[in-house]
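The residues of the chain are indexed from 1 along the displayed sequence.
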Amino acid sequence: MKKMILNNYGSFDLTFVKGKNATMWDAKGKKYIDFISGIGVNCLGHNYKPLVREIAKQAKKQIHISNYYFSDIGLVYADELLKVTGFEKGYFGNSGAEANEAAIKLARKYGQLNGGEKRKTIVTLENSFHGRTLATLTATGQDKFHPECFAPYPEGFKTIKANDYEAIKTAFDDTTAAFFVECIQGEGGVNLLDPAWIQAASDAARAAGAIVMADEVQTGIGRTGTFLASDFLDFKPEVVTLAKGIAGGLPMGACLFRGKAADVFVAGDHQSTFAGNPLVCSAAKVVLETVADWEFLDRVNHVGDYIRGAISSWILPIVKGVRGRGLMIGTQIDSSVKPFDIEVKCLEKGLCTTVAGADVVRFLPPLTISDKEVEQGLAIYKEVLESFCK
C-alpha cells in the first residue's frame with residue numbers, strides 16, 4: 001500500500017494494528033512490548049476495557065458541541081480534576097503545545113497587568129522542550145529546535161541552566177512575567193531538577209513579581225508516581241499544563257490556574273474549536289478516577305524502581321547511568337554508541353523504545369504495564385545492550 005502521509009515524523013516502516021495493555025501487534029502479526037505508550041499518551045495501555053466502554057457510551061450520547069455551551073460530562077470532569085490537583089480554574093485544549101501556548105499567553109497578560117509592557121519575559125531552562133508551535137519552540141531551551149528556516153521566532157524568552165544557583169541571581173527582574181519549567185526534562189534527556197533549587201528559583205521569580213508555571217505535559221497524570229510531578233517537588237506553581245496521558249489516548253490538553261493566575265483570562269482571550277469536547281472529557285474522567293489513587297501510584301513507583309534497579313544491576317560498560325522517577329526512565333548511553341541505533345535494534349527484537357537528548361534511551365511504558373510485560377521488555381533490552389558491548 002502506497003503511504004500518502006507526509007513522513008515528517010521520520011516514522012519507521014512499521015504498521016501496528018492492535019494492542020492490549022503494554023503489548024502491540026503489527027500488520028504481519030509480530031508481537032512487540034510497548035515501552036513508549038504513544039510517548040506517554042496511552043497511560044492505561046491499549047484496549048483498557050473501562051476506558052473503551054466509556055468512550056463508546058459517550059459516543060452514543062454526544063461527541064462534540066460548541067464551547068458556546070457546557071457539557072454535563074465536561075463540568076463533572078473539570079470539578080474532579082481541580083479537586084485532585086488543588087487548582088482553582090482550568091482551560092481545556094487539544095495537545096501539550098496548545099496547553100503551553102495558553103500558559104504563555106496568560107503569562108504575557110499577567111505581566112502587562114502587573115508591571116506594564118516591559119514585564120513580558122518568560123524564563124525557561126536549557127535542555128527544555130515545550131512544543132512545536134513557534135512560541136513553544138522558542139520557549140524550548142535547545143538550539144536544535146530553532147532552525148533558521150522557521151525564523152523569525154517570537155521575542156520575550158530567556159533560558160537559564162537548571163540546578164545552577166548562580167543563574168538564579170540574575171535570572172529574574174521587573175521584566176520577568178513568568179518562570180516556566182518542566183519538572184523532569186523529558187525530551188532533554190530525562191533530567192531531574194533538584195527540589196531545593198527549583199524552590200529557590202521559584203522564590204526568586206515570585207520575589208521579582210513573576211508567576212511560576214510547570215509544564216507537566218509529560219510528567220503529569222501519574223507518570224512520575226505522584227499525580228503531578230510538582231507535588232513531589234512542592235514548589236506550588238500558579239499554572240500547570242497537562243496533556244499526553246490526560247485522556248488515555250484521545251487528543252486533549254489542559255491548562256490549570258490558581259492564585260495570582262486564576263483570574264487573568266477572560267472571555268475571548270484564548271479559545272479552541274475542539275477543546276474539551278464531551279468525548280475526550282469522558283475518557284479523561286476514567287483516567288483521572290483510575291490514576292488518582294494512592295495504590296495505583298504506589299505501584300507506578302514500585303515498577304519504576306524495579307526497572308531502574310534491574311538496568312543498573314546489569315553492569316554493562318555502555319550504560320553510564322539510569323535516572324528518572326516513576327515510569328519516566330532514561331538510560332544514559334556511552335558516547336561510543338548512538339541511542340538511536342539501540343532503539344532500532346530493540347524494535348527489530350520486538351521492543352518499542354525512544355530516545356531523549358543526545359545520549360539517552362527513554363522508557364515511558366503504560367502505567368498499567370504488567371510484571372510479565374516488564375520482564376519481557378527488559379529481557380529484550382538487556383540482549384540488545386549486550387550486543388553493543390561485544
Determine all donor-acceptor pairs shorter than 3.5 Å in which one atom belongs to a side chain in residues 360-367; sequence neighbours excluded.
from, atom 1, to, atom 2, distance (Å)
Arg362, NH1, Glu187, OE2, 3.3
Arg362, NH1, Gln218, OE1, 2.9
Arg362, NH2, Glu187, OE1, 3.4
Arg362, NH2, Glu187, OE2, 3.1
Arg362, NH2, Val355, O, 3.3

* Asked: With a cut-off of under 6.0 Å to the ring centre and 45° to the axis, is Lys18 in cation-pi contact with Trp25?
  -> yes
* To do: Show your working on side chain to side chain donor-acceptor pair (under 3.5 Å) between Thr219 and Glu216 and close with a plain yes or no.
  => CA-CA 5 Å; Thr219 60; Glu216 296 228 36; 2.9 Å; yes
* To do: Mark yes when over 12 heavy atoms from residues, nucleotides or ligands other than Phe16 sit less than 6.0 Å from its CZ; otherwise mark no.
  => yes
* Asked: Would one find more than 12 heavy atoms of other residues, nucleotides or ligands at under 6.0 Å from atom NZ of Lys83?
  -> no
Under a 3.5 Å threshold, yes or no: a donor from one side chain and an acceptor from the other, between [X] and [Y]?
| X | Y | result |
| --- | --- | --- |
| Tyr77 | Ser282 | no |
| His46 | Lys20 | no |
| Asn100 | Thr136 | no |

* **Exam field: side chain Trp314 to backbone Ala310, donor-acceptor pair closer than 3.5 Å** => yes
* Asked: Between the main-chain N or O of Tyr68 and the side-chain N or O of Ser66, is there a donor-acceptor pair closer than 3.5 Å?
  -> yes
Measure the shortest side-chain to side-chain distance between [X] and [Y] over non-hydrogen atoms and say whether it is less than 4.5 angstrom.
| X | Y | result |
| --- | --- | --- |
| Val76 | Lys285 | yes |
| Ile33 | Cys352 | no |
| Lys349 | Val384 | yes |
| Leu228 | Leu242 | yes |
| Asn21 | Thr23 | no |

* Determine, step by step, whether Arg323 and Gln332 satisfy the side chain to side chain donor-acceptor pair (under 3.5 Å) criterion, reporting the C-alpha distance in whole Å, the side-chain angles of both residues, the deciding distance to 0.1 Å, and the verdict. => CA-CA 8 Å; Arg323 56 181 178 259; Gln332 186 174 359; 3.1 Å; yes
Specify the closest pair of heavy atoms between [X] and [Y], including all atoms of both residues, with the distance to one decimal.
| X | Y | result |
| --- | --- | --- |
| Gly248 | Cys43 | CA-SG, 4.4 Å |
| Thr133 | Ala97 | CG2-CB, 4.1 Å |
| Phe35 | Gly377 | CZ-CA, 3.7 Å |

I'd like a table of donor-acceptor pairs (distance under 3.5 Å, sequence neighbours excluded) in which one partner is a side-chain atom from residues 141-157, with atom names and distances.
from, atom 1, to, atom 2, distance (Å)
Gln142, NE2, Ser128, O, 3.0
His146, NE2, Leu137, O, 2.7
His146, NE2, Thr140, O, 2.9
Tyr153, OH, Pro147, O, 2.6

* Asked: Please, which pairs that meet salt bridge (Lys or Arg N to Asp or Glu O under 4.0 Å) have at least one residue in residues 233-244, sequence neighbours excluded?
  -> Arg206-Glu238, Asp234-Lys236
* Could you note down all residue pairs passing salt bridge (Lys or Arg N to Asp or Glu O under 4.0 Å) where residues 258-283 supplies at least one of them, sequence neighbours left out? => Lys89-Asp263, Lys109-Asp269
* Considering only NZ, NE, NH1 and NH2 on the basic side and carboxylate oxygens on the acidic side, decide whether Asp371 and Arg299 come within less than 4.0 Å. => yes
* Asked: Please, which pairs that meet ring-ring contact (aromatic ring centres under 6.0 Å, His included) have at least one residue in residues 281-312, sequence neighbours excluded?
  -> none
Please output the side-chain donor-acceptor pairs of residues 47-57 that fall under 3.5 Å, not counting sequence neighbours, one pair per line with the distance.
none

* Which of parallel (below 30°), tilted (30 to 60°) and perpendicular (above 60°) describes Phe265 and His270? -> parallel
* **Of Ile198, Asp215, Leu233, the residue whose pairing with Val181 passes side chain to side chain contact (heavy atoms under 4.5 Å, CB included)** => Ile198
